[in-house]
Amino acid sequence: MVASDLEPGWRLSGEPKVTIAAENLRLRYTVARSSGSNWWRRGGKKSVTGPVLRGISMATREGEMVGLVGLNGSGKSSLLRVLAGLQPATSGTVVASAQPQLLGVSAALVPELSGAENIWLGTLAMGMTPDDAYFAKERIEQLAGIGEAIHQPMKTYSSGMGARLRFAISVAADPEILMIDEALSTGDASFAERAKEAMHGLITRAGTVFLVSHAAKTIEDMCTRAIWLDAGTLIADGPADEVANMYRYYAHSIALGKDEAAKNALVSATASHPPALSN
Ligand SMILES: Nc1ncnc2c1ncn2[C@@H]1O[C@H](COP(=O)(O)OP(=O)(O)OP(=O)(O)O)[C@@H](O)[C@H]1O
């Protein structure tokens, strides 16, 4: 199925092209009960956690840079994983115009190998031809900017260095839909600037980028649109600066224990920037 199949009910036709459409996504994780490691032998059952996504509907279009904000545990990473097809939703539908690339070719990277060797592995794992991978190598090394360390085993890297290399590899594949989960928070200022340029390059080549960040400022600086999740519910969807600003006030109120102000902030955010698609 492609996104255009949704047009009749969803009114998603028109330009720019829809890249991802999600309808009423719900997610519950199933986890093993913690009461003893041999629960299955005693006829025990798996336990199911509470709802993590509670009916998310949304659509993105080419050229959008979408920030996802929300408190810890609000469901941001889970939503990205479901949209990328890495985590099956409990119910609901996702259609995408291309396979989303969730930042983190980590599954394909090998800690014992050098950064340079991992670039080769990572680019091939993302489906680049050997020729394309060869020509992308220098660009990736420059964007990662970790100097001579590129020849050292990745297991010797700091978490920031590893994140930079993964980011550079992911961007090199020029995916139509790129999803980045907090990668920029680990970089220094000069890396953040180069990363920003790389992402704007993607956008001008008509991609869609998702960026998860706890920092409202990062969302304001980098994104055109922001989606705010709270306890698995889509609270607000609108221009990045406006939504990020409302989220900042909400998070600040929570931090100060001002529960009534936080509750009011949620209600007014939904009223002023309601989710574009309702279930
Ligand atoms: N693999 C898993 N198994 C069980 N529960 C999970 C799993 N992954 C996430 N959760 C739960 O789902 C909820 C949402 O988690 P998620 O990581 O999506 O939130 P988040 O908004 O990305 O959080 P953070 O900002 O802390 O990264 C949390 O309550 C978390 O404990």
Side-chain angles (χ1 to χ4, degrees), residues 20 22 24-37 39-40 44-58 60 65-92 94 96 100-104 106-107 159-160 162-163 166-167 170 177-187 208-223 225-238 240 243-255 262 265-266 269-270 273 275:
I20 289 194
N24 203 9
L25 291 181
R26 294 180 186 275
L27 176 67
R28 284 171 180 268
Y29 285 107
T30 305
V31 290
R33 284 198 313 195
S34 58
S35 53
S37 55
W39 58 270
W40 61 89
K45 287 186 180 152
K46 285 184 175 180
S47 59
V48 174
T49 65
V52 171
L53 300 178
R54 303 168 188 249
I56 305 282
S57 295
M58 51 167 288
T60 55
M65 173 111 190
V66 183
L68 283 183
V69 294
L71 299 178
N72 288 124
S74 54
K76 304 178 297 294
S77 301
S78 299
L79 177 59
L80 283 193
R81 290 180 58 77
V82 170
L83 293 178
L86 299 172
Q87 169 80 49
T90 308
S91 64
V94 181
Q101 171 74 44
L102 180 58
L103 176 65
S106 48
S159 60
R166 282 195 291 279
F167 173 79
S170 299
I177 304 167
L178 175 64
M179 300 175 160
I180 303 165
D181 200 341
E182 291 283 4
L184 299 174
S185 58
T186 52
T208 297
V209 178
F210 286 83
L211 175 66
V212 170
S213 179
H214 287 285
K217 174 99 174 61
T218 304
I219 300 291
E220 279 170 349
D221 287 352
M222 310 251 349
C223 299
R225 169 182 171 191
I227 287 175
W228 173 2
L229 291 186
D230 192 74
T233 300
L234 204 163
I235 297 296
D237 181 350
V243 174
N245 205 27
M246 290 186 295
Y247 170 68
R248 180 186 285 121
Y249 176 77
Y250 169 75
H252 192 61
S253 302
I254 295 270
L266 280 180
T270 305
H273 296 80

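We count residues from 1, following the sequence as given. Both ligands and their constituent atoms are indexed starting at 1 by order of listing. Source: prediction; values computed, not measured.
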How does Asn72 reach ligand 1, if at all, at less than 4.0 Å between non-hydrogen atoms: by side chain, backbone, both, or neither? both
For atom 25 (O) of ligand 1, tell me which residue out of Lys76, Arg81, Arg28 has the closest non-hydrogen atom. Lys76
Please state which option from Ser77, Ser74, Gly232, Gly50 has its nearest heavy atom closest to atom 27 (O) of ligand 1.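 Shortest heavy-atom distance from atom 27 (O) of ligand 1: Ser77.
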Using every non-hydrogen atom in the two residues, find where Ala231 and Arg54 come nearest and quote the distance to one decimal. O-NE, 2.7 Å
Can you check whether Gly70 has an N/O within less than 3.5 Å of an N/O in ligand 1?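 Checking ligand 1 against Gly70, no N or O pair falls under 3.5 Å apart.
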Check: Gly75 N/O within less than 3.5 Å of ligand 1 N/O: yes
Which residue pairs pass the side-chain hydrogen bond (donor to acceptor under 3.5 Å, both in side chains) test when at least one of the two sits in residues 80-90, sequence neighbours left out? none
If we check side chain to side chain contact (heavy atoms under 4.5 Å, CB included) with [X], which of these qualifies: [options]?
X	options	result
Val209	Thr60, Ile177, Ile180, Val66	Ile180
Trp228	Leu234, Leu266, Asp237	Leu266
Ile56	Val94, Leu25, Thr233	Leu25

Does Leu71 have a non-hydrogen atom less than 4.0 Å from ligand 1? yes
